[in-house]
Number of protein chains: 2
Amino acid sequence: MPRTKNTSTEEKILAAAKTIFIEKGMDGARMQDIADNAGINKALLHYYFKSKEKLFEVIFKEGAEKLFSKINSILNSDLPLFEKIRLFSNEYAEIISQNPYLPLFVLNEMNKQPHSFLENIFGKNQPTFENLVKQIDKEIKKGTIKQVSPVNLVINMISLSIFPFVAKPVFQRIMNLDPLQFSTIMDQRKTMNAEFIIASIKK
Amino acid sequence: MPRTKNTSTEEKILAAAKTIFIEKGMDGARMQDIADNAGINKALLHYYFKSKEKLFEVIFKEGAEKLFSKINSILNSDLPLFEKIRLFSNEYAEIISQNPYLPLFVLNEMNKQPHSFLENIFGKNQPTFENLVKQIDKEIKKGTIKQVSPVNLVINMISLSIFPFVAKPVFQRIMNLDPLQFSTIMDQRKTMNAEFIIASIKK
DNA sequence: GCATATTTTAACCAAATGGTTAATAAAGGT
DNA sequence: ACCTTTATTAACCATTTGGTTAAAATATGC
């Protein structure tokens, strides 16, 4: 097993695999494409990562981690609720504009991969929302926000952050936007989303 | 024995193709699976629809149509703004809960298929939002709602309606919800979404 | 400098896959 | 009945695909 040195080849493979898998998905990706993209022989892929599935798993895991870790850390921080919403919206928008194709990749594969595969990956990092739920209940009692379901609030925050990227080709087309216009609108949303959410729950 | 009136072969194929394509996507779908699912010989698929691509196109077109036609018709109707938002949220939630796997299928393929393929499909049905833009401008001048970008309002409405279904496996997992709990929450959202949107723009 | 271990490659291989063909069965028209 | 057209099938085929092998190149330790 080559776990010792020469990470450069391994890194080249991982970078290439990321590109190809995210672009084509597990089924659409070809090992030969990944090898070509990494500038190496196909057999080397199997030398470093024994199968397509194993290689995919590494890429998927990394992607899922990138998307999910921030949610948990911000939503469980000690910030005041509105600040939390603002921070989440801003930071999440940043992550996603830097990895615009990641969400669809992860969503797509989460729907397709068997349960066992996902179990393996999500084993421990189970986010907790207790902190947030308590915080929201407190604000409701204080009367600063409306009676709102914490779960649904989080779903709204995440939906508004991610979906526009996932549906970019749809929105661009049905709204007749050129890429520049679309990107301008996405930029507006970075600050807008938080205020939109806050306005919807503020009393 | 004469059995119960068998649906036409073409219909059987289309139904099977829908099932398989939506479950596995264009790349993951196997012609043999579609044939088996339809209870016919694989060659018959090519007899009715000459290639996998052509068959896929039919299924995709139908799915995209189902998802997009309603948007246009409701958003261009003559209802008052808030009613429009409520009607859209309700009807769209209905369409999607009846076809929960359709959005991801369409989104996924819209990101993968080449431009030419999509051009063919969206040729004419280009939605228009002029009506809605005017309506929103009017409400802003009347002072009933905040100064809000019509495009972003529509993006929000659609995002909140669709994304929770697309990300169902994610939400179920990170929020530790069993299928029943999740479905209850989705039901709440049917009415909640509209009020959430309205609250966020009401002055 | 040399033996050993690691990395990389070209050539293969078996299975799977979309698609074709030629023959057969069923329907329709006369 | 008989012929023509349409529908359906089993057997193939060419290509693609993930994966393997054995040999060559390169690095490593002494």
Side-chain angles (χ1 to χ4, degrees), chain A residues 1-61 105 108-109 112-114 116-117 120, chain B residues 1-61 105 108-109 112-114 116-117 120:
Chain A
M1 302 284 223
R3 278 270 55 167
T4 38
K5 287 210 169 158
N6 200 347
T7 64
S8 111
T9 301
E10 198 175 322
E11 277 164 20
K12 274 194 293 182
I13 292 176
L14 285 173
K18 200 169 166 180
T19 304
I20 302 294
F21 273 133
I22 288 183
E23 188 181 328
K24 313 247 182 159
M26 166 66 173
D27 292 327
R30 298 292 147 233
M31 293 296 265
Q32 189 59 60
D33 284 357
I34 296 175
D36 291 349
N37 196 292
I40 54 149
N41 186 291
K42 180 165 67 98
L44 254 195
L45 293 183
H46 292 90
Y47 177 74
Y48 279 88
F49 308 85
K50 77 166 196 134
S51 69
K52 185 185 181 183
E53 220 178 58
K54 289 260 190 259
L55 179 54
F56 173 80
E57 195 180 309
V58 174
I59 302 299
F60 179 83
K61 211 178 247 177
F105 168 71
N108 202 36
E109 301 301 336
K112 268 179 203 150
Q113 298 306 319
S116 56
F117 175 86
N120 175 337
Chain B
M1 316 294 119
R3 311 194 40 183
T4 47
K5 191 178 165 188
N6 38 352
T7 49
S8 87
T9 305
E10 196 174 324
E11 277 165 15
K12 277 194 293 184
I13 293 177
L14 285 172
K18 200 169 166 180
T19 304
I20 302 294
F21 274 132
I22 287 184
E23 188 181 328
K24 314 249 181 156
M26 166 67 173
D27 292 326
R30 298 292 147 233
M31 291 297 264
Q32 188 61 59
D33 283 358
I34 295 176
D36 291 350
N37 197 294
I40 54 148
N41 185 290
K42 180 165 65 98
L44 210 44
L45 293 183
H46 293 89
Y47 178 74
Y48 278 88
F49 308 84
K50 74 166 204 139
S51 69
K52 185 184 183 184
E53 221 178 56
K54 289 263 190 259
L55 179 54
F56 173 80
E57 195 180 311
V58 174
I59 302 300
F60 179 83
K61 211 178 248 179
F105 168 70
N108 202 38
E109 303 301 336
K112 267 177 203 153
Q113 299 306 317
S116 56
F117 175 85
N120 175 338

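Given the structure is predicted, the values throughout are model-derived calculations rather than measurements. Numbers restart at 1 for each chain; the letters A, B, ... are given by sequence-line order, proteins then strands.
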Let me confirm one number: the CD-OH distance from A:Glu11 to A:Tyr48, rounded to the nearest 0.5 Å.
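It is 10.5 Å, given to the nearest 0.5 Å.
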In whole angstrom, give the distance that lies between atom [atom1] of [X] and atom [atom2] of [N].
{"X": "A:Lys42", "N": "C:dT7", "atom1": "NZ", "atom2": "C1'", "value": "18 Å"}
{"X": "B:Glu10", "N": "D:dT8", "atom1": "CD", "atom2": "P", "value": "11 Å"}
{"X": "A:Lys54", "N": "D:dG18", "atom1": "NZ", "atom2": "C1'", "value": "15 Å"}
{"X": "B:Asp33", "N": "C:dA16", "atom1": "CG", "atom2": "P", "value": "12 Å"}
{"X": "A:Phe49", "N": "C:dT8", "atom1": "CZ", "atom2": "C1'", "value": "15 Å"}
{"X": "B:Asp27", "N": "D:dG18", "atom1": "CG", "atom2": "C1'", "value": "16 Å"}
{"X": "B:Glu53", "N": "C:dT17", "atom1": "CD", "atom2": "P", "value": "18 Å"}
{"X": "B:Asp36", "N": "C:dT17", "atom1": "CG", "atom2": "C1'", "value": "13 Å"}

Using only heavy-atom distances, decide whether a donor-acceptor pair under 3.5 angstrom links the side-chain of A:Lys52 to the base of D:dG19.
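Check fails, no donor-acceptor contact within cut-off.
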Can you find a donor-acceptor pair, distance only, under 3.5 Å between A:Lys50 side chain and D:dG19 base?
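Not at all, since no donor on one side and acceptor on the other fall under 3.5 Å apart.
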Nearest of [options] to any side-chain atom of [X]?
{"X": "B:Ala43", "options": "D:dA10, C:dT7, D:dG18", "answer": "D:dA10"}
{"X": "B:Tyr48", "options": "C:dT8, D:dA7, D:dT21", "answer": "D:dA7"}
{"X": "B:Leu44", "options": "C:dG19, D:dG18, D:dT8", "answer": "D:dT8"}
{"X": "A:His46", "options": "D:dG18, D:dT6, C:dT8", "answer": "D:dG18"}
{"X": "A:Asn41", "options": "D:dT9, D:dG18, C:dA10", "answer": "C:dA10"}

Would you say B:Arg30 places a side-chain N or O within less than 4.0 Å of OP1 or OP2 belonging to C:dG18?
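Yes, within the criterion.
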Is any side-chain N or O of B:Thr9 closer than 4.0 Å to OP1 or OP2 of D:dT8?
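It does, given that an N or O in the side chain of B:Thr9 lies less than 4.0 Å from OP1 or OP2 of D:dT8.
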Can you see which heavy atom on A:Asn108 is nearest to which on B:Lys112, and at what distance?
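That closest heavy-atom pairing would be ND2-NZ, 3.9 Å.
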Report the C-alpha separation of B:Phe21 and B:Phe56 in whole Å, then their side-chain angles, then the decisive distance to 0.1 Å, and conclude whether the ring pair (Phe, Tyr, Trp, His ring centres under 6.0 Å) test is met.
CA-CA 7 Å; B:Phe21 274 132; B:Phe56 173 80; 5.2 Å; yes
Has B:Lys54 got a side-chain atom pairing as donor or acceptor with B:His46's backbone, closer than 3.5 angstrom?
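Such a contact is absent between B:Lys54 side chain and B:His46 backbone.
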Assuming nearest nucleotide by heavy-atom distance, tell me which of A:Gln32 and B:Tyr47 is located more 5' along DNA chain D.
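Closer to the 5' end of DNA chain D: B:Tyr47.
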Answer with base, sugar-phosphate or nothing: what part of the nucleic acid does B:Leu45 contact at a heavy-atom distance below 4.0 Å?
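Result for B:Leu45 = nothing.
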For A:Ala35, which contact category applies under a 4.0 Å heavy-atom criterion: base, sugar-phosphate, or nothing?
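Nothing: the residue A:Ala35, judged by heavy atoms under 4.0 Å, touches no strand.
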Are B:Leu55 and B:Leu14 side-chain neighbours, meaning at least one heavy-atom pair lies under 4.5 Å?
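B:Leu55 vs B:Leu14: side chains touch.
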